[in-house]
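Let me begin by presenting the structure, written as structure tokens, before commenting on it.
This is a predicted model, so every value here is computed, not measured. Only heavy atoms go into these numbers, but all of them, side chains included; no hydrogens, no water, no symmetry mates.
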Amino acid sequence: MSWLPLSFGFPAILWGLLALPVIWWLLRLTPPKPETEVFPPLKILARVLRREETPRRSPWWLTLLRLLMAALVIMALAEPVFNPREKLPAVGSGLALVIDNGWAASPDWNRRVATAERLIDDAAAGAQRILLAFTAEKPNADIGPFDARAARDKLRAAKPRPIPTDRPGVYARVAAALDAMPGASIAVLADGLAAKGDEAAFATLLGKGPASVVWAVPDRIATVGLTKAENQLDGFAFTAVRPSSDPAPRQVAAGAFDDKGRRIADAAIAFGTGKTVGTGLMKVPFELRNDFAAIRIDGENHAGAVRVLDESSKRRRVGLISQAEADQAQPLLAPLYYIRRALSPYADLVEPQSRDLADAIPQLLEQKPAMIVMADIGTIPEPARQKLVEWVNNGGMLVRFAGSRLAAAGNDDDLLPVRLRTGERSLGGALSWTEPQPVTEFPKTGPFSDLAPPSEVAVSRQVLAEPAADLVERTWANLADGTPLVTGARREKGTIVLFHTAPDATWSNLPISGTFVEMLRRLVQMSRNQGSLAANAEGQVASLAPYRMIAADGSLVPPPAEARPLTVGRGAVPVSIENPPGLYGSEDGVVAHNLLAADATLAPLVRPHIAAPVTEMRYAVNESHDLKGPLVAAALALMLLDTLAVFWLGGMFAGRRSRDAARGAGAAVMLLAAGALFFASAPHARADDSKPGDEQAIEAVSKTRLAYVITGDAAIDSISRAGLDGLSRFLVEKTALDPGKPAGVDIARDELAFYPLIYWPIDPKAPLPSQEAIARVDAYMQQGGTVLFDTRDQYASGIDASSTSPSTERLRDILAGLNVPPLEPVPSDHVLTKSFYILPEFPGRFNGSPLWVEASLEAANPEHRPVRTGDGVTPIMITANDFAGAWAVDENGDPMFPTVPSDPMQRLYAYRVGVNIVMYMLTGNYKSDQVHVPALLERLGQ
């Protein structure tokens, strides 16, 4: 007999509760002995007739006390259990407990251990031997059989591993051990994800004819893992996967971290309905992308949600080739001289040993470069040409420079981005009517669009492209007369680029300009590595020592004792105990060894057909409580109270209290006993007469808390929360204020009056708040609160400073529904400039935008501002400098985003701005009144 959340070991004893009416009747017939009073005999005997008195019944509270005591004893004998758990059927000669402890088990490992402990306890109650095996351990790990104590010790010593499970190997070992335990029960505690070889593994394990099977998998599999990360032209792209059992649309956030663990970029990954693959893109400058050391999905505490990066996502290998013979005699005239000088800081340069193109090109291709630069190469031999075309189509980038050889050679459509006219064009010569041409604005569609055209560069010779319909699309740089200087085109997965001038200073002075260096660096960043840096052209292998490993929870840790060097150069190495995921190498260079392959998928585990009886269990911490002990203790406490009550009623304490006082005290004892019974029999129950929202209100007013508006965008909200958390830490360090945790508020539903300042980041993509929500914000501002609007668009307008950004347009729409007072930039003598720090400006992550506040009453008269504006503070502040971005810190207290421009002092000033704003909100403009001190002292003197 059992029901949730209470069950009884011997429910038949509860029939004894039917005897309570009989006990009540007996208690009424046997009241306590009456109190004996000693009176002065002469006076009393003279007036009072002596007669014998007996009590008619017991006091009601004493009867109820004894009934409760009897009920407690009966219920204790029934062995009640609060939140009872399901027990393993006590069948079979033993228990084979098989637990998945791979990377997917990390998030809820404690619940799996608690579930396994309950199974071991139930097996111990039946005196069963236990086989205990983990699917992500060494192949020779001991699996028993163990007694219950040894099994518990082994279970508590186990931990999740950042590697895939090996069900076929482990299940085969358990099946072999079951030969000595025929008819045993099997418990499978799986991670819920399918793996290769599952069908054969379960057939081997369950083919021994178990007495019963316990099947436990997570209630919901919402694991998200990273499979690919690629440094592309327009940003850093990455791919995530999730199980097909999670069909609902979902969005997760991912962050990029540098080698010091600082978060330097983030992006969102969206999964559509029924989609198992999602992509994200971090659009940050390539200089910042080169600092990426790892990508991590927020909220996913497992190794599959982390992807470490190595040099293959940063530096590129570039091959250089030229047919010139005078490189050593006249280095400044060598075609490759300026190219080497430009690329050496950003790429690993390799050159062939032979000058013969038939041998030189294959030698370069064996080095697996990301990019090949050809300086004035004419006709290419056919065998080498075919290999070069295949290399480009597979993702290589070919950069060619013009010269006399290329001008004399014929067109090659496979290795040139555009068709060329035969010969070359000379500008500014003695027989030419034209002057050398400068470089004009770079086309917006090319990779050099954000570069300024070099005013000092002039081109005197070039090769011309044949006019074509797609010539404009393929032009990446133009001369002033409209002729192409640089053209480019895609070839399947690769790219071909042509500089229509020579790589030395004979045709133009472009190679000796800084723009030339930047153009080549952009091309290197566009290229993709074709092979591992650890293997050379001869196919030799390298053994790299473990450097930093990915733990099961996704953190980077030192290498464990069982980690072994990683052998690279012989193909992909699987993730295992000896080669866990992480970085291999040293401080001079590392190779990334990630958990999930680029084509990895996450599929839910399908329960196989099982002929034996199956018991399904949930992963849960043991929350059951045996109430027998508390009930017996409560009964003994009531027995002690009953004894004291009998002594009281018998007159033992009559000299101290009257009978009425005794009865009142007895009633109080009864209430105390009832309370003790309540808390002893239901230790988790509590009286709760609160209303919804009371707990939040108490938390909000118990400490000064800063708030931010929840926009619905997870990335923006996380930055706001991290920003206010960073400002709160700075306030604790620098001021006497100890604020609470920042609070996110929904302006349409949450109470706003609890917070002195609300930070509102403007998101142009978020829906416009309703009129009711705007009215609540307006009421909040009228009642003394302040809203800090941050459009975060100081640099959003780009070159055209007169244009209005989408964030500013959305702010205007919001302010249209508010009673906004006249505004002005913070004057130099405003309280905000001196409430704590002396501040001449108010920078955030950006600098340059003014901080707008309510205009002073006599703003036109500087002598009367702002000391005559009253004691209130401005109800509104507006900025575009992204305060939260400057304040935002991660869990370690490190800044999450760089300032623009990158200046450590700007971040410090941004924190000081936050302190001044908070102090201004909490104290008003009291410092402005200090200007009246001389006048007050003068009056007091009079």
Side-chain angles (χ1 to χ4, degrees), residues 235-236 255-266 282-293 345 450-452 514 518 521 715-716 718-735 759 761-762 788-799 801 805 807 825-826 828 830 832-852 877-920:
F236 203 98
F257 299 82
D258 63 9
D259 56 359
K260 296 182 179 179
R262 296 174 297 191
R263 190 183 186 113
I264 55 179
D266 50 11
M282 297 179 180
K283 293 186 177 182
V284 296
F286 68 87
E287 293 91 350
L288 192 60
R289 297 201 302 268
N290 269 349
D291 292 336
F292 289 2
D450 59 338
L451 295 179
E518 185 62 26
R521 187 170 68 162
I716 295 178
S718 63
I719 294 173
S720 299
R721 180 173 60 256
L724 294 186
D725 184 58
L727 178 58
S728 299
R729 296 187 185 187
F730 193 82
L731 286 166
V732 172
E733 294 176 0
K734 302 298 183 182
T735 71
Y759 177 78
I762 302 300
L788 172 56
F789 293 96
D790 194 340
T791 59
R792 306 172 292 122
D793 59 353
Q794 169 62 16
Y795 298 111
S797 60
I799 299 176
S805 69
S807 296
V826 175
S828 59
H830 196 277
L832 276 171
T833 64
K834 53 193 175 185
S835 59
F836 196 87
Y837 293 103
I838 303 299
L839 295 177
E841 56 184 0
F842 297 85
R845 185 168 174 238
F846 310 128
N847 196 2
S849 172
L851 178 62
W852 292 84
M877 298 182 188
I878 300 176
T879 185
N881 284 337
D882 190 7
F883 286 167
W887 300 335
V889 296
D890 56 18
E891 295 179 354
N892 298 324
D894 297 322
M896 294 173 56
F897 304 102
T899 60
V900 180
S902 181
D903 182 6
M905 291 304 299
Q906 181 172 326
R907 190 181 306 279
L908 177 61
Y909 289 144
Y911 277 121
R912 292 181 176 182
V913 168
V915 172
N916 274 28
I917 291 176
V918 172
M919 292 302 165
Y920 172 60

Heavy atoms, side chains only, cut-off 4.5 Å: are [X] and [Y] in contact?
{"X": "Arg792", "Y": "Ile716", "value": "yes"}
{"X": "Ile917", "Y": "Leu727", "value": "no"}
{"X": "Phe883", "Y": "Met877", "value": "no"}
{"X": "Asp890", "Y": "Phe257", "value": "no"}

Between [X] and [Y], is there a donor-acceptor pair closer than 3.5 Å when you use the side chain of the first and the backbone of the second?
{"X": "Asp790", "Y": "Asp882", "value": "yes"}
{"X": "Asp793", "Y": "Ala880", "value": "no"}
{"X": "Arg262", "Y": "Pro895", "value": "no"}

Shortest non-hydrogen contact between [X] and [Y], atoms and distance:
{"X": "Met919", "Y": "Leu731", "value": "CE-CD2, 4.4 Å"}
{"X": "Pro825", "Y": "Trp852", "value": "CD-CZ3, 3.3 Å"}
{"X": "Ser807", "Y": "Ile762", "value": "O-CG2, 3.3 Å"}
{"X": "Leu851", "Y": "Leu832", "value": "CD2-CD1, 4.2 Å"}
{"X": "Arg907", "Y": "Ala886", "value": "NH1-O, 3.1 Å"}
{"X": "Leu451", "Y": "Glu518", "value": "CD2-CG, 3.4 Å"}

Measuring from [X]:[atom1] to [Y]:[atom2], what's the distance to the nearest 0.5 Å?
{"X": "Asn916", "Y": "Tyr837", "atom1": "CG", "atom2": "OH", "value": "8.5 Å"}
{"X": "Asp725", "Y": "Ser718", "atom1": "CG", "atom2": "OG", "value": "12.0 Å"}
{"X": "Asp291", "Y": "Asp258", "atom1": "CG", "atom2": "CG", "value": "6.5 Å"}
{"X": "Ser835", "Y": "Arg912", "atom1": "OG", "atom2": "CZ", "value": "12.5 Å"}
{"X": "Thr833", "Y": "Ile838", "atom1": "OG1", "atom2": "CD1", "value": "6.5 Å"}
{"X": "Asp894", "Y": "Arg263", "atom1": "CG", "atom2": "CZ", "value": "13.0 Å"}

Aromatic ring centroids of Phe236 and Phe292 under 6.0 Å?
-> yes
Side-chain donor-acceptor distances from residues 840-847 under 3.5 Å, at least two apart:
unit_1	atom_1	unit_2	atom_2	d
Arg845	NE	Pro898	O	2.8

OH of Tyr909: more than 12 outside heavy atoms within 6.0 angstrom?
-> no
How are the rings of Phe730 and Tyr911 set to each other: parallel, tilted or perpendicular (split at 30° and 60°)?
-> parallel
